[in-house]
Number of protein chains: 2
Amino acid sequence: MVNGIVIDLDPIDIKILSLLQKDSTLPTADIAERVGLSQSPCWRRIKRFRDEGLIRKEVCLLDPKIVGLGVTVFATVTLLRHSEENARQFEAIVARRPEIMECYTVTGDRDYLLRIVAKDIEAYDRMITDQFLHLSIIQSVSSRFALRSLKYTTELPL
Amino acid sequence: MVNGIVIDLDPIDIKILSLLQKDSTLPTADIAERVGLSQSPCWRRIKRFRDEGLIRKEVCLLDPKIVGLGVTVFATVTLLRHSEENARQFEAIVARRPEIMECYTVTGDRDYLLRIVAKDIEAYDRMITDQFLHLSIIQSVSSRFALRSLKYTTELPL
DNA sequence: CCAATAATAGAAATAACATTCCCCAAAGCT
DNA sequence: AGCTTTGGGGAATGTTATTTCTATTATTGG
């Protein structure tokens, strides 16, 4: 352990995690075989990852197209005055709206960067108008629409 | 089915998918109970989702901090001349580099928007320099560093 | 309106898998 | 060398997924 948070991983750990990042349904026995361990020590490592929170969760990833979510938008938002209270109000909206899938504060002249998904452009526009523009705390929202998604992965580079 | 791709989901389907987007380890029996079905029909619906590709995959989500990936960067990239060949070369790099977790072409004056994760700023700089800047096809790379991640979810709004 | 048929739900049996327990070997320490 | 700690192997156990079969509910043609 280098500092309080980071965990040291040996090459076998990294192999296990790489496999699980691609497919969490792999039976422990298969993983064990592929990384050169037998079932129980392999299972113990995975259990440790879960207990330590290194594996945050296991989820199903859905296809946005098939559920009718064809539009991805990147919005940069600037607050009118960046007071504590305004930030709190904005961040509460972010937490509440399921269309907002990612939100970061970033360097540069804008305050927030959001990734938002919606059924279509109208639905996106409605969401932005209802949630943000009628609010007095927002100075500007600038939207860039994704024309094509070349890559989207949840696999961290280990 | 509205068009060739989108699948109609009834309220029970949506409940099932919502649960599985949060936690794919839930036993079918639990899901069944929560949505008001018994085990087998619930299992059959889930199987159908998988067969149809609506559930793309099931994965483990890791904690970037704990594996030592503290830096998230949004890079906008413009190619020198946007020829077929240059685009192909750029997109091949995107596909190959695991640090690049998302990549989109977007509206506006830049060509590509990337989300990149790295151990630290030096590692990010090294990656950008090695992969992009020494290449003759890139006009400019503009990087915005994430200061704080307020939200990151893989749950689509159903 | 009724019977025939297809679609969907439920119950029970089986197979696959995760989880635990106990034992063993190697590496580090006194 | 003897002791302790760490990590692996194998088998028993419990849980869950999957399959098969049966019952119920819609749907359609007469």
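Convention: sequence-line order gives letters A, B, ...; per-chain numbering from 1. This is a predicted model, so every value here is computed, not measured.
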- Message: Tell me whether A:Glu33 at atom CD has more than 12 heavy atoms from other residues, nucleotides or ligands lying less than 6.0 Å away.
- Response: no

- Message: Please give me every residue in residues 30-52 of chain A whose heavy atoms get under 4.0 Å of an atom in DNA chain D, ordered by residue number.
- Response: A:Leu37, A:Ser38, A:Ser40, A:Pro41, A:Arg44, A:Arg45

- Interatomic distance where CD1 belongs to B:Ile12 and P belongs to C:dT8 [whole Å]: 12 Å

- Task: Count the heavy atoms of every other residue, nucleotide or ligand shown that sit under 6.0 Å from NZ of A:Lys22, and state whether that count exceeds 12.
- Result: no

- B:Lys151 NZ: over 12 foreign heavy atoms closer than 6.0 Å: yes

- Message: Nearest 0.5 Å, please: how far is CG in A:Leu26 from CD1 in A:Ile31?
- Response: 5.0 Å

- With a cut-off of 6.0 Å (strictly less than), are more than 12 heavy atoms of other residues, nucleotides or ligands near CZ of B:Arg96? yes

- Are B:Phe49 and A:Cys60 side-chain neighbours, meaning at least one heavy-atom pair lies under 4.5 Å? no

- Query: So, for A:Tyr152 and B:Tyr104, is the gap between ring centers shorter than 6.0 Å?
  - Reply: no

Where do N or O atoms of nucleotides 23-27 of chain C meet protein N or O atoms at under 3.5 Å, pair by pair?
none

- Item | Residues, nucleotides or ligands: over 12 heavy atoms within 6.0 Å of A:Lys119 NZ | no

